[in-house]
Amino acid sequence: MVAVALLGAITHQTLAAWGPADARPGSFFGRFRSIRPASFANAVVVLYAVSTLLGGIIYLTFRVDVRPELERASHWHVLGFFDLKEHFVAIGLALLPAYWVCWRPPLANEPPQTRTALTSILAFIIWWGFLCGHVANNIMGFGS
Amino acid sequence: MTSSAPFRRFAFAFGTTFAVLYVVALAKDLALFTVFPSLGIVLAGTHHSRDIADPAMGFLAPAMYWYGWAATAALGALIVALVAASFAERLARYVWPGWIWVIPVLSMIACVYLTLPWFRL
């Protein structure tokens, strides 16, 4: 639930940050723009931190019970993608303070490119983590 | 208050330094501590399963380094960020703010490079 809420918030914010500022009010991006992207920043920071904490706890079980099975089944690519998830998530966690600063009002204090880039990096990390986690979870039917 | 100039310097310095130090910790295997989840123990520093068990029995004591790598990078980044927040006011004017996203992207690419062995198996 936390991960899904995080996905929704960061995806909405990223599309709003990349979308054209002069979008028509009734258009797809216009509707995205009607909600201030900055209002997602606090939620993204909290949800990302909670997701990482929960993931860090579950990771212990993964290492003992799940990963050896993946190794025995020679799913090396999955393990590689999962390792990348670990690394990306750690780097993303450290970017949260800067991301939060960039979205604090007044937004004019920070370059919009920096804000958009940080948001996009976090969006990439969150989607990567979500997809890799699900592939690793489902590839051998774990949890079914 | 928290979005003041010192906190901004702290946040930007922490994010960039962590990204660099994490790659260094990963490449050099510098974990502040090692977790052995099946044994329920945490040892300071980097320890491999073969250090505490026969190599053939290593699967019984899988080691986890991710927490330790992150802790190593966080500790180093915290020190640098505190220095940046306290003293680097003048220097901050000359630092391009884009480094806060360029350096993490480069670090992520470095992580991909360091993870490539998994994809050659």
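Quick caveat: nothing in here was measured; it's all calculated off a predicted structure. Here is the naming used below: chain letters follow the sequence lines, and residue numbers restart at 1 for every chain.
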Chain A contact via B:Val35 - which portion, at a heavy-atom distance below 4.5 Å: side chain
Engaged part of B:Leu114 at the chain A interface, taking heavy atoms whose separation is under 4.5 Å: neither
Spacing of B:Thr115 atom OG1 and A:Phe82 atom CZ [to the nearest 0.5 Å]: 12.5 Å
Gap between atom CD1 of A:Ile125 and atom CE of B:Met108 - 0.5 Å precision: 4.0 Å
May I ask you to test the [X]-[Y] pair for a side-chain heavy-atom distance under 4.5 Å?
X: A:His87; Y: B:Trp69; answer: yes
X: A:Cys102; Y: B:Phe12; answer: yes
X: A:Trp100; Y: B:Phe7; answer: yes
X: A:Val64; Y: B:Phe36; answer: no

Option that, when pairs with chain A are counted at under 4.5 Å, heavy atom only, ranks first among B:Gly98, B:Pro37, B:Ala77: B:Pro37
Residue among A:Gly80, A:Ser120, A:Gly92 with most heavy-atom pairs under 4.5 Å to chain B: A:Gly80
Heavy-atom proximity to chain B below 4.5 Å, by part of A:Tyr99: neither
Whether A:His77 and B:Phe119 hold their rings parallel, tilted or perpendicular, with breakpoints at 30° and 60°: perpendicular
B:Trp101 atom CH2, neighbour heavy-atom count above 12 within 6.0 Å: no
Taking every non-hydrogen atom, the tightest pair across A:Ile91 and B:Pro104: CG2-CB, 4.0 Å
Under 3.5 Å: donor-acceptor pair, side chain of B:Tyr67, backbone of A:Gly56: yes
Any donor-acceptor N/O pair, B:Trp66 side chain to A:Glu86 backbone, under 3.5 Å: yes
